[in-house]
Engineer: 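I have a structure here, written as structure tokens, and I will follow up with some questions on it.
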Amino acid sequence: MACARTSDNSSRIAGLLKEEIDWKRVVRMAHKHHVSSLVYWNLNRQPGANVPDEAMAQMRKESQYIAGRNLFLVGELLTLLKRFENGGIRAIPFKGPMLAAGVYRNMALRCCGDLDLLIEENDA
């Protein structure tokens, strides 16, 4: 959990890394809770972290997939917003990549599965 946040938790993480850790479980739980990117990002920032290469590789791979998917979703979002604008429909994106950019300040740190838009009821 210490690695699943964006606030500076380096000293807490450094202390935890000195303990015996079931890395397979960490990777499995990070995946299950869709926080692999955050966990990888935090562990990667720890100087001299003794994290097994296999665990880091798995989280790096998932993080790269999430980053690529989020970039794809942002491209689709921009296309949709332009189409709505051309059709005279006001649309406001929320959650997904917009939440990631606003809250995490990094779109790649949040796993996004779809796009959410608010539109006027009469435009639906």
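Note that this is a predicted model, so its numbers are computed, not measured.
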Engineer: Of all heavy-atom pairs between Pro93 and Ala91, which one has the smallest distance, and what is that distance?
Structural biologist: CD-O, 3.8 Å
Engineer: Restricting to non-hydrogen atoms, name the atom on Ile66 and the atom on Ser37 that form the minimum distance, rounded to 0.1 Å.
Structural biologist: CD1-OG, 3.5 Å
Engineer: List, one per line, each side-chain donor-acceptor pair under 3.5 Å for residues 18-29, sequence neighbours excluded.
Structural biologist:
| unit_1 | atom_1 | unit_2 | atom_2 | d |
| --- | --- | --- | --- | --- |
| Asp22 | OD1 | Lys24 | N | 3.3 |
| Asp22 | OD1 | Arg25 | N | 3.2 |

Engineer: Rounded to the nearest 0.5 Å, what's the gap from CG on Leu71 to CZ on Arg69? Could you check?
Structural biologist: 12.0 Å
Engineer: Which hydrophobic side chains are connected to Leu117, either touching it within the sub-4.5 Å cutoff or through other members that do?
Structural biologist: Phe72, Leu73, Leu77, Leu80, Leu81, Phe84, Ile89, Met98, Leu115, Ile119
Engineer: Which residues, ordered by chain and number, are linked to Phe94 in its hydrophobic cluster, where ILVMFWY side chains connect at heavy-atom gaps below 4.5 Å, directly or through other members?
Structural biologist: Ile92, Leu118
Engineer: Identify the heavy atoms of Asn70 and Ala108 that sit nearest to each other, and give their distance.
Structural biologist: ND2-CA, 4.2 Å
Engineer: Is there any salt bridge (charged side-chain N to carboxylate O under 4.0 Å, His left out) pair reaching into residues 81-90, and which pairs are they, with sequence neighbours excluded?
Structural biologist: Arg90-Glu120
Engineer: Grouping I, L, V, M, F, W and Y whenever their side-chain heavy atoms are under 4.5 Å apart, do Met59 and Val35 come out in a common cluster?
Structural biologist: yes
Engineer: In terms of hydrophobic clustering (I, L, V, M, F, W, Y; side-chain heavy atoms under 4.5 Å; direct or indirect links), are Val39 and Met56 co-clustered?
Structural biologist: yes
Engineer: Would you tabulate the side-chain donor-acceptor contacts of residues 43-53 under 3.5 Å, counting partners in other chains and residues two or more places apart, or write 'none'?
Structural biologist:
| unit_1 | atom_1 | unit_2 | atom_2 | d |
| --- | --- | --- | --- | --- |
| Arg45 | NH2 | Asn42 | OD1 | 3.3 |
| Gln46 | NE2 | Ser10 | O | 3.4 |

Engineer: What residues, two or more places apart in sequence or in another chain, satisfy side chain to side chain donor-acceptor pair (under 3.5 Å) together with Glu62?
Structural biologist: His31, Ser36
Engineer: With a 6.0 Å cut-off (strictly less than), is the heavy-atom count around CD of Glu76, excluding the residue itself, greater than 12?
Structural biologist: yes
Engineer: Does Thr6 use its side chain to pair, donor to acceptor, with the backbone of Tyr104 at less than 3.5 Å?
Structural biologist: no
Engineer: How many angstroms lie between atom OG of Ser63 and atom CG of Leu38, to the nearest 0.5 angstrom?
Structural biologist: 8.5 Å
Engineer: Do Leu17 and Tyr40 land in one hydrophobic cluster if side-chain heavy atoms of ILVMFWY residues count as linked below 4.5 Å?
Structural biologist: yes
